[in-house]
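Every number for a ligand or one of its atoms is a count from 1 in the order of the listing.
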Amino acid sequence: MSQQKQTLGEFIIQNQTSFKYSSGELSSLLNSIRLAAKVVNHEVNKAGLVDIIGAAGDTNVQGEDQQKLDVYANEKFIQTLTKRNIVCGIASEEEDSYITINSQDENHRNKYVVLIDPLDGSSNIDVNVSVGTIFSIYRRITPVGTPVQLEDFLQKGSEQVAAGYVVYGTSTMLVYTTGDGVNGFTLNPAIGSFYLSHPKMEFPENGSIYSVNEGNYVHFPQGIKSYIKYCQEEVDDRPYTARYIGSLVSDFHRNMIKGGIYLYPQSSKNPSGKLRLLYECNPMAFLAEQAKGKASDGFTRIMEISPTELHQRVPFICGSKNMVDKAEEFMRISVERML
Ligand code: P6P
């Protein structure tokens with residue numbers, strides 16, 4: 001009889017003692033994310049069968065067409081997080097501003113804020129390609145007992161207490177960290193439980209996969225162009241393999257397991273890059289570093305960037321440490337040649 005794998009709920013409880021804050025609340029918060037992930041997974045998996053795919057007819061603060069599942073996922077995560085009476089505020093890619101959540105005693109006693117991309121890669125929904133949810137959790141820094149403030153959300157990534165993603169792929173997985181390594185849990189849809197399937201996930205130090213939208217090549221800075229040509233030349237362990245799904249969570253997940261690098265650099269089209277610092281880059285950077293990988297904007301550690309706006313974008317290079325180091329080297333050389 002194969003040993004029964006640990007469930008996500010059991011794992012959260014077992015590991016809450018290793019969490020330096022009053023862990024009972026964070027455990028409850030993580031369990032609410034677990035519940036919302038199951039609810040959203042149910043809809044994502046049958047999107048082709050019901051009238052829920054396709055554009056919702058609205059656009060989000062990013063000016064992007066909102067897919068119906070975007071809206072549904074956003075609503076479900078906000079509802080579930082609110083009910084648990086743990087968070088004092090939520091910021092979402094789908095919401096123009098942050099949402100103030102008042103505690104049930106109306107005294108703003110809740111300590112945590114959550115930032116979320118409820119359905120990343122949603123343009124893939126209609127073509128049945130994996131999508132994901134990304135979340136980032138902080139403790140508030142303004143006084144408990146007062147309404148949450150913007151500064152509670154504009155914290156450096158290094159202040160995160162937890163971060164993770166759900167990937168709705170060939171199987172649904174929840175992967176997260178509370179600062180003590182990265183662990184992956186696979187959903188058994190037959191019984192609705194997540195089981196520990198990928199303990200202590202780590203990026204191989206080297207890899208041979210590079211993930212970038214090469215359709216933007218002509219718009220990239222010279223350092224990125226040089227790095228892409230480095231990946232393609234026939235020398236040593238190269239050429240590398242190009243794999244780009246167009247869904248950050250899926251590309252990140254594959255690269256963490258196999259070894260690889262994901263790049264969404266700045267370009268003449270996107271001068272600050274496309275990905276958002278607070279609810280895409282910071283949580284993925286926390287996971288990357290906890291998995292012995294690396295995440296930067298090409299020059300600076302992502303988790304050291306001081307946020308200035310809720311939806312600000314940054315260039316993003318993330319993955320196997322030695323591959324990110326090499327990409328940064330090309331960026332540095334390119335700048336030095338311009339001086
Ligand atoms: P492009 C999805 O919209 C996303 O934010 C990431 O998940 C993905 O890696 C990237 O944008 C795809 O962007 O411009 O290559 O289509």
Side-chain angles (χ1 to χ4, degrees), residues 40 44 47 53-56 58-71 73-74 91-95 115-136 163-169 172-173 175 209-221 224-225 227-228 231 242-256 260-285 287-288 293 295-298 302 310-319 323-324 327:
V40 171
V44 168
I53 60 177
D58 202 349
T59 58
N60 62 21
V61 66
Q62 326 294 336
E64 295 167 343
D65 290 343
Q66 275 190 317
Q67 302 286 329
K68 289 178 182 173
L69 263 177
D70 268 347
V71 175
N74 187 51
S92 168
E93 180 192 62
E94 303 302 332
E95 302 287 340
L115 299 98
I116 195 160
D117 182 354
L119 210 61
D120 180 72
S122 53
S123 58
N124 287 315
I125 295 167
D126 291 357
V127 294
N128 204 18
V129 170
S130 300
V131 292
T133 296
I134 307 173
F135 61 90
S136 172
Y165 59 81
V166 184
V167 52
Y168 309 99
T172 294
M173 282 192 69
V175 178
I209 295 171
Y210 70 104
S211 307
V212 64
N213 183 344
E214 293 194 54
N216 296 323
Y217 181 86
V218 293
H219 303 296
F220 285 153
I224 295 293
K225 288 179 178 176
Y227 179 67
I228 290 173
C231 293
R243 286 285 184 275
Y244 190 71
I245 297 173
S247 180
L248 166 62
V249 168
S250 301
D251 282 316
F252 179 99
H253 187 75
R254 180 207 51 246
N255 290 349
M256 181 159 61
I261 186 171
Y262 172 97
L263 307 101
Y264 208 105
Q266 66 274 38
S267 71
S268 48
K269 283 199 309 182
N270 294 305
S272 300
K274 174 184 180 183
L275 301 186
R276 296 76 164 180
L277 173 61
L278 292 182
Y279 41 79
E280 289 176 327
C281 300
N282 270 335
M284 301 311 273
L287 288 161
S296 85
D297 65 1
I302 287 290
L310 208 50
H311 300 289
Q312 80 181 74
R313 302 173 193 267
V314 292
F316 190 56
I317 301 175
C318 178
M323 297 181 85
V324 176

Looking only at atom types and distance, does a side-chain atom of His311 sit under 3.5 Å from a main-chain N or O of Glu95, one as donor and one as acceptor?
-> yes
Donor-acceptor pair, Ser211 side chain versus Arg243 backbone, under 3.5 Å?
-> yes
CA sep, side-chain torsions, deciding dist, call: Asp70, Ser122, side-chain hydrogen bond (donor to acceptor under 3.5 Å, both in side chains) | CA-CA 7 Å; Asp70 268 347; Ser122 53; 3.0 Å; yes
Check whether any side-chain N or O of Thr133 sits under 3.5 Å from a backbone N or O of Val166 as a donor-acceptor pair, and report yes or no.
-> no
Relative to ligand 1, is Leu248 under 4.0 angstrom through side chain, backbone, both or neither, heavy atoms considered?
-> both
To which protein heavy atom is atom 8 (C) of ligand 1 closest, and what is the distance rounded to 0.1 Å?
-> Gly246 O, 3.5 Å
Quick one: does Gly121 get within less than 4.0 Å of ligand 1, heavy atoms only?
-> yes
Determine the sole option in Val167, Asn124, Asp120 for which the side chain to side chain contact (heavy atoms under 4.5 Å, CB included) test with Ser250 is passed.
-> Val167
Residue part near ligand 1, for Leu275, under 4.0 Å between non-hydrogen atoms = side chain
So the atoms of ligand 1 within less than 4.0 Å of a heavy atom of Asn213 turn out to be 1 (P), 14 (O), 15 (O)
Tell me which protein heavy atom sits closest to atom 14 (O) of ligand 1, plus the residue, atom name and distance to 0.1 Å.
-> Tyr264 OH, 2.6 Å
Polar contact flag, side-chain donor to acceptor under 3.5 angstrom, Ser136-Asn282 | no
Does any N or O atom in Lys274 lie less than 3.5 angstrom from one in ligand 1, N or O only?
-> yes
Return the orientation label for the Phe252 and Tyr165 ring planes: parallel under 30°, perpendicular over 60°, tilted otherwise.
-> perpendicular
Can you find an N or O of Tyr244 that's nearer than 3.5 Å to an N or O of ligand 1?
-> yes
Which of the ligand 1 atoms, numbered from 1, are nearer than 4.0 Å to a heavy atom of Tyr262 | 8 (C), 9 (O), 10 (C)
Heteroatom distance test (Asp251, ligand 1): nitrogen or oxygen, under 3.5 angstrom | no
For atom 7 (O) of ligand 1, the closest protein heavy atom turns out to be Asp120 OD2, 2.5 Å
In ligand 1, which numbered atoms sit nearer than 4.0 Å to a non-hydrogen atom of Glu280?
-> 5 (O)
Does any donor atom in the side chain of Ser267 or Asn216 lie under 3.5 Å from an acceptor atom in the other side chain?
-> no
